[in-house]
Number of protein chains: 2
Amino acid sequence: MSAKQPTIKEIAKRLNISISTVSRALHDHPSIGLRTKTRVKELAEELMYEPNQAAIFFQQRKTFTIGVILPFLSEAFFSAAISGIEDVAGKNQYTVLLGQSRDDAEREKQIIDTMKKHRVDGLLISISKHTTSYEHFEMLKKSGIPLVFFDCIPNMPDIHYVACNMVSGTVQATSFLLKKGHRVIGLINGPEKLYASKQRKEGYQIAMSKHRLKYDPSLIVNSDLTKESNYKATKELLTHKRKVTAIVTFNDYVAIDAMQQASEQKININKDVCFVSYANLPLVQHLKFSPMASVEQHPYLQGQKAAEMLIELLGRKDDERETPGSYKIIVDSQLMIFPQ
Amino acid sequence: MSAKQPTIKEIAKRLNISISTVSRALHDHPSIGLRTKTRVKELAEELMYEPNQAAIFFQQRKTFTIGVILPFLSEAFFSAAISGIEDVAGKNQYTVLLGQSRDDAEREKQIIDTMKKHRVDGLLISISKHTTSYEHFEMLKKSGIPLVFFDCIPNMPDIHYVACNMVSGTVQATSFLLKKGHRVIGLINGPEKLYASKQRKEGYQIAMSKHRLKYDPSLIVNSDLTKESNYKATKELLTHKRKVTAIVTFNDYVAIDAMQQASEQKININKDVCFVSYANLPLVQHLKFSPMASVEQHPYLQGQKAAEMLIELLGRKDDERETPGSYKIIVDSQLMIFPQ
DNA sequence: TTGTAAGCGTTATCAA
DNA sequence: TTGATAACGCTTACAA
């Protein structure tokens with residue numbers, strides 16, 4: 001049982017040759033005689049030899065591991081994203097180390113520490129919504145660990161990232177409603193300081209001005225994305241002095257709460273008040289109340305792109321990596337309209 | 001930029017002492033003079049020294065990494081389970097390497113290979129529903145890598161596992177319906193060879209016999225869990241010669257399809273035909289049609305338990321690990337009844 | 001209290 | 001075509 005794994009040394013001893021010969025034979029080094037090579041390979045096979053990656057990682061100062069830090073895997077967006085990451089990583093012989101921040105800045109910091117300890121070759125991060133200080137990211141940069149952000153990105157100069165352009169998604173969402181004749185459209189936005197919220201706000205404003213409508217700031221309300229806050233925001237819009245006939249919500253979860261709340265107020269969902277949202281949850285069309293449309297953010301694609309970017313970065317020689325500036329990829333969001 | 005990480009050698013040189021002294025100072029070894037210790041620690045701090053874990057892993061023949069292989073992170077069950085795993089792992093200084101099999105046996109095998117290469121200390125596996133041969137698991141066992149299965153476990157002797165007793169869950173589910181007066185209850189089960197299906201079947205039979213009702217095999221139909229297959233199974237039950245008034249479904253996803261199908265046949269959900277299911281998806285109560293109850297399988301808890309078991313196994317000396325037999329933990333499932 | 005040195009498994013450089 | 005040896009960074013038994 002559990003006989004300890006054979007090493008090249010073991011093979012060398014048995015064959016009465018040197019370990020370097022064994023190493024080379026195993027690597028198909030051209031200078032090794034066919035005879036020796038076969039002998040080595042056969043014995044390796046027989047002993048079920050497997051190179052000790054730990055030793056190789058150590059020797060090559062590389063772990064072939066990338067760390068992925070994201071808020072919640074339970075959010076469909078992230079589980080899709082990590083699949084994209086995993087696929088790209090796997091194709092490139094990299095492996096994925098996982099850490100969920102649970103939207104807790106402290107936890108995020110701690111995970112980064114652990115990953116640094118584990119000497120991941122690089123990191124993919126979607127920051128927690130409570131992360132405000134960015135020192136830990138700076139620190140990583142300084143220690144030469146490449147970093148690619150995706151989806152939720154910090155407001156820092158010179159970072160590599162992949163993100164979705166929420167502005168255009170929001171323009172589409174709002175325009176969709178405007179074209180349907182709505183004139184008083186509310187927006188339940190996320191926390192004000194979030195970049196994602198700023199983009200939605202901007203998109204909303206652009207759509208309004210495109211349609212030559214005056215922008216009414218009181219139609220945008222912020223929620224901290226808890227159920228209570230979502231309810232409150234919804235009530236605020238539903239009791240607005242102007243009659244709100246359509247609401248754009250920060251994401252599908254917010255939409256669920258908003259529609260629930262509206263329905264309790266005897267409002268006919270998507271009749272009296274129309275809803276449009278973001279995320280495009282897999283189950284969204286099966287919901288009791290579902291929005292008329294939802295902005296797809298292509299999480300799998302974002303994951304792929306981010307992983308590709310990171311691996312590209314990792315492939316470079318250290319000196320090339322010094323290149324100033326940063327990579328950015330913007331994935332276009334897209335309004336998915338559901339059949340009614 | 002990216003100055004390469006300092007080593008104890010570096011510290012030793014600067015302080016003109018030996019590397020072993022540095023190593024010991026950093027580890028608070030009792031035999032080191034307070035003076036030297038402070039000097040070492042201060043310099044380490046200043047240089048932002050961090051031990052090279054890759055070297056340590058190599059040296060200690062341990063990576064403090066556990067591999068987790070599961071079908072889909074997009075299933076709420078698994079994303080909850082992995083959170084439990086991650087929490088326990090983190091508390092014990094372990095880190096989590098992720099692999100999704102996508103219910104593909106080949107992929108599963110390949111992930112195992114990669115993880116073995118990466119020298120994970122142990123593995124947590126929920127097998128893919130298409131895994132039929134277990135050689136790769138046997139192989140791991142032989143190479144001395146501890147293995148703990150959770151949720152979906154293979155039919156192998158002497159394995160460690162954590163699983164949910166679906167029998168009792170099914171007894172509860174079926175009894176719930178029986179108590180409501182239903183007499184002709186259908187079961188849309190999963191693939192026949194799945195252990196989980198066998199348990200559900202058994203539970204169904206037990207509940208029936210407890211209520212002194214004759215078991216009618218034609219009321220159990222199998223689905224391969226695709227949408228089409230779910231539809232087909234549903235139709236079969238709805239056109240059964242006996243009038244089926246309640247249906248238990250393999251899980252919430254099946255329930256969604258089944259209720260959709262039933263509704264298209266003008267059947268009044270939970271009036272004409274009542275539905276009960278498994279999994280307790282977080283969104284289940286927000287669905288257009290939701291089952292009257294769903295069996296909770298405590299994924300987070302299963303994840304925790306499995307991780308604890310594995311870490312316990314890892315903590316042992318090699319000789320203790322030889323202990324024959326195996327650990328099993330059965331987590332009780334529980335019927336969650338939703339307010340109507 | 002501190003230093004020396006072996007060893008973990010591999011790759012790579014240099015010699016033979 | 002092959003072998004000896006250093007090196008990667010760290011821990012630890014043994015010496016001093």
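In what follows, chains carry the letters A, B, and so on, assigned in the order in which the sequence lines appear, proteins first and then strands, with residues in each chain numbered from 1. Remember, it's a predicted structure, so these values are computed and weren't measured experimentally.
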Participant: Would you say the side-chain atoms of A:His29 and A:Ser31 include a donor-acceptor pair closer than 3.5 Å?
Facilitator: yes
Participant: Starting at atom CG of B:Asn52, determine the distance to atom C1' of C:dC8, rounded to an integer number of angstrom.
Facilitator: 13 Å
Participant: In whole angstrom, what separates B:Phe58's CZ from C:dT10's P?
Facilitator: 8 Å
Participant: May I ask you to test the B:Ser74-B:Gln100 pair for a side-chain heavy-atom distance under 4.5 Å?
Facilitator: no
Participant: Take the protein atom CG of A:Leu15 and the nucleotide atom P of D:dT2, then report the distance between them rounded to whole Å.
Facilitator: 11 Å
Participant: What is the distance from CD1 of B:Ile19 to P of D:dT12, rounded to the nearest Å?
Facilitator: 13 Å
Participant: Closest approach to the side chain of B:Ile17, judged atom by atom: which nucleotide of C:dT10, C:dG3, D:dG9 is it?
Facilitator: C:dG3
Participant: Examine the base of C:dA12 for any acceptor or donor lying under 3.5 Å from a partner atom in the side chain of A:Ser23, and report the outcome as yes or no.
Facilitator: no
Participant: So, B:Glu46 and B:Arg14, do they make that salt bridge, N to O below 4.0 Å?
Facilitator: no
Participant: Looking at five pairs on each end of the helix from C:dT1-D:dA16 to C:dA16-D:dT1, what is the angle between the two axes, given to 10 degrees?
Facilitator: 50°
Participant: Hey, is the side chain of A:Ser18 poking within less than 4.0 Å of OP1 or OP2 on D:dG3, counting only N and O atoms?
Facilitator: yes
Participant: What contact category does B:Ile8 fall into here, base, sugar-phosphate, or nothing, at under 4.0 angstrom with non-hydrogen atoms?
Facilitator: base
Participant: Do A:Ser133 and A:Lys109 make a side-chain contact, defined as non-hydrogen atoms from C-beta onward lying under 4.5 Å apart?
Facilitator: yes
Participant: Anything under 30° is parallel, anything over 60° is perpendicular, the rest tilted; go ahead and classify B:Phe78 against B:Phe150.
Facilitator: perpendicular
Participant: Count the heavy atoms belonging to other residues, nucleotides or ligands that lie under 6.0 Å from NZ of A:Lys37, then report whether that count exceeds 12.
Facilitator: yes
Participant: Send over the distance from B:Lys13 NZ to C:dT4 C1', rounded to a whole Å.
Facilitator: 18 Å
Participant: Tell me which residues in residues 24-47 of chain A lie within less than 4.0 Å of DNA chain C, going by non-hydrogen atoms.
Facilitator: A:Arg24, A:His27
Participant: Just the rounded figure in Å: distance from P of C:dA5 to NZ of B:Lys9.
Facilitator: 15 Å
Participant: Between B:Gln60 (CD) and D:dA13 (C1'), how many Å, whole number?
Facilitator: 15 Å
Participant: Considering just the side-chain nitrogens and oxygens of B:Ser20, establish if one lies under 4.0 Å of OP1 or OP2 belonging to D:dT12.
Facilitator: no
Participant: Is B:Tyr49 touching bases, backbone alone, or none of the nucleic acid, heavy atoms closer than 4.0 Å?
Facilitator: sugar-phosphate
Participant: Would you kindly give the CZ-to-P distance between B:Phe57 and C:dG7, to the nearest whole Å?
Facilitator: 24 Å
Participant: For B:Lys13, what residues pass the side-chain hydrogen bond (donor to acceptor under 3.5 Å, both in side chains) criterion, not counting sequence neighbours?
Facilitator: none
Participant: Are the aromatic ring centres of B:Phe137 and B:Phe149 under 6.0 angstrom apart?
Facilitator: yes
Participant: Salt bridge between A:Glu45 and A:Lys41, side-chain N to carboxylate O under 4.0 Å?
Facilitator: no
